[in-house]
Trainee: 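Dropping a structure here in structure tokens format, bear with me for questions.
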Amino acid sequence: MILGFHRRQVIANIKRNVAKKQFNSKAELHDPVLDQEQTNNIVNKYWKYTSSIGYRMINPVIRGVFAAASQILNGRCQIEGLENLPDIPTVFVTGNHYNQFDVLLMKKLAMKKNKRMFIVVEASNLAMPHLIGWAVRNFDSLPIDKDMYYLSRVFPKKLKETLKKPCWVLIYLKRSCGSIIVSRVH
């Protein structure tokens, strides 16, 4: 991660990608690169896992840890204008670029509005190793992929299920989708 031990290498990778005008290319050192079959398998496995007892037990714990981290790491951040946000049950929230700390700030904001926050993630993030991958697989993640069948059939159904509950859906279009256009949910 850019915050970890390999910060200089990640920055060099970002510069190299920018020079090549490959703005959506991976820059992290250990980001998984999956072919379409591997991606389909990991996404199917994830959705199956989300209905397991293990997920149902771990997910609230992860949400609690994430909530605590957002309070601790954003403790000095002031949220102004909260009264200007409409009081509606479901909201799509986006930012102009992905940043780990922005996610925590968005979580803090969602908590102020008493909303659960789901995050649209690139499907390959489900394959990340160690603690980060485990957290992505056990948090309220909505994986997205470039597979047209998944985008047009599976993802809209999962999103529609999610939106039945009052929640926020956080999506970073450049990071999660690249050039993907998300289909309309009916």
Side-chain angles (χ1 to χ4, degrees), residues 22-26 28 31-63 66-67 70 85-100 102-128 132-186:
Q22 296 176 341
F23 303 110
N24 292 323
S25 293
K26 295 187 180 260
E28 300 285 349
D31 270 357
V33 177
L34 307 175
D35 63 29
Q36 194 58 57
E37 184 178 348
Q38 292 170 314
T39 301
N40 291 346
N41 288 338
I42 200 160
V43 169
N44 290 336
K45 185 178 175 181
Y46 171 75
W47 287 123
K48 195 177 288 185
Y49 173 62
T50 60
S51 44
S52 74
I53 190 75
Y55 177 84
R56 291 184 187 153
M57 290 174 62
I58 294 170
N59 176 265
V61 174
I62 293 294
R63 287 195 332 251
F66 193 48
S70 72
L85 291 177
D87 194 20
I88 55 178
T90 55
V91 176
F92 282 90
V93 183
T94 190
N96 61 344
H97 67 281
Y98 176 78
N99 178 297
Q100 292 94 342
D102 287 353
V103 172
L104 294 173
L105 191 57
M106 293 293 189
K107 175 64 175 169
K108 183 176 181 177
L109 185 59
M111 290 184 330
K112 293 265 186 204
K113 295 295 279 182
N114 296 314
K115 301 294 182 195
R116 185 170 174 181
M117 189 174 77
F118 292 80
I119 303 175
V120 176
V121 298
E122 194 174 342
S124 63
N125 289 345
L126 297 171
M128 290 180 79
I132 297 290
W134 183 81
V136 170
R137 291 185 296 276
N138 286 284
F139 187 67
D140 293 326
S141 298
L142 297 169
I144 198 162
D145 176 27
K146 293 178 183 176
D147 179 73
M148 288 311 294
Y149 177 81
Y150 179 78
L151 278 177
S152 64
R153 300 282 191 255
V154 179
F155 186 75
K157 287 178 186 172
K158 297 296 184 181
L159 187 57
K160 189 174 183 178
E161 270 178 44
T162 302
L163 296 175
K164 287 180 182 176
K165 305 164 263 188
C167 67
W168 283 17
V169 176
L170 176 61
I171 180 168
Y172 288 95
L173 297 175
K174 291 179 189 175
R175 176 77 175 180
S176 303
C177 304
S179 59
I180 298 171
I181 297 173
V182 180
S183 61
R184 188 174 146 219
V185 179
H186 302 307

Trainee: Please round to the nearest 0.5 Å and tell me the distance separating atom OH of Y49 and atom CG of L126.
Mentor: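 Reported to 0.5 Å precision, the distance equals 11.5 Å.
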Trainee: Apply the test side chain to side chain contact (heavy atoms under 4.5 Å, CB included) to residues V120 and V169: give CA-CA distance (whole Å), side-chain angles for both, the deciding distance (0.1 Å), then the verdict.
Mentor: CA-CA 7 Å; V120 176; V169 176; 3.8 Å; yes
Trainee: Kindly give the heavy-atom pair with the smallest separation between P156 and S152, and that separation in Å.
Mentor: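 Reported closest heavy-atom pair: CG-O, 3.7 Å.
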Trainee: Closer than 3.5 angstrom, by distance alone: can the side chain of N59 be matched with the main-chain N or O of N138 as a donor-acceptor pair?
Mentor: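 Checking the backbone N and O of N138 against the side chain of N59, a donor-acceptor pair under 3.5 Å is found.
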Trainee: Going by heavy atoms in the side chains, are N41 and Q38 under 4.5 Å from each other?
Mentor: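 No, side chains not in contact.
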Trainee: Give a yes or no on whether the backbone of S141 and the side-chain of Y46 come within a donor-acceptor separation of less than 3.5 Å.
Mentor: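 Here the side-chain-to-backbone pair exists.
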Trainee: Could you walk me through whether S51 and R56 pass side chain to side chain contact (heavy atoms under 4.5 Å, CB included), step by step?
Mentor: CA-CA 7 Å; S51 44; R56 291 184 187 153; 4.0 Å; yes
Trainee: Taking distance alone, no hydrogens or angles, what donor-acceptor pairs closer than 3.5 Å link side-chain atoms of residues 103-115 to residues at least two apart or in another chain?
Mentor:
residue : atom : partner : partner atom : Å
K108    : NZ   : N74     : O            : 2.7
K108    : NZ   : C77     : O            : 3.2

Trainee: From I119 CD1 over to L142 CG, what is the distance, rounded to the nearest 0.5 angstrom?
Mentor: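 Between I119 CD1 and L142 CG, I get 9.0 Å after rounding to 0.5 Å.
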Trainee: Output the distance between atom OG1 (T50) and atom CD (E161), rounded to the nearest 0.5 Å.
Mentor: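 Rounded to the nearest 0.5 Å, the OG1-CD separation comes to 8.5 Å.
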Trainee: Measure the OH-CZ distance between Y149 and F155 for me, rounded to the nearest 0.5 Å.
Mentor: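 Going from OH on Y149 over to CZ on F155, the span is 15.0 Å.
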Trainee: What pairs of residues pass the salt bridge (Lys or Arg N to Asp or Glu O under 4.0 Å) test when at least one of them lies in residues 134-144, not counting sequence neighbours?
Mentor: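 Pairs touching residues 134-144 that pass the test: R63-D140, R116-D140.
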Trainee: To the nearest 0.5 Å, what is the distance between CD1 on I88 and OG1 on T90?
Mentor: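 The CD1 atom of I88 sits 6.5 Å away from the OG1 atom of T90.
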Trainee: Any chance you could lay out the side chain to side chain contact (heavy atoms under 4.5 Å, CB included) test for Y55 and I62, step after step, and finish with the verdict?
Mentor: CA-CA 10 Å; Y55 177 84; I62 293 294; over 6 Å; no
Trainee: Looking only at atom types and distance, does a side-chain atom of N44 sit under 3.5 Å from a main-chain N or O of N40, one as donor and one as acceptor?
Mentor: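 A pair under 3.5 Å: yes.
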Trainee: For W47 and P143, work out which heavy atoms get closest and say how close.
Mentor: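 Reported closest heavy-atom pair: CZ2-CD, 3.4 Å.
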Trainee: Quick one: are F118 and L159 in side-chain contact, heavy atoms under 4.5 Å?
Mentor: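 F118 vs L159: side chains apart.
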Trainee: Which pair of heavy atoms, one from L34 and one from S124, lies closest together, and at what distance?
Mentor: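 Nearest pair, atom of L34 first, then S124: CD1-CA, 3.9 Å.
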Trainee: Between L151 and D145, does the side chain to side chain contact (heavy atoms under 4.5 Å, CB included) criterion hold? Intermediate values first, please.
Mentor: CA-CA 7 Å; L151 278 177; D145 176 27; 6.0 Å; no
Trainee: Any chance you could measure L85, atom CG, to W168, atom CH2, to the nearest 0.5 Å?
Mentor: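 Spacing of CG (L85) from CH2 (W168) equals 5.5 Å.
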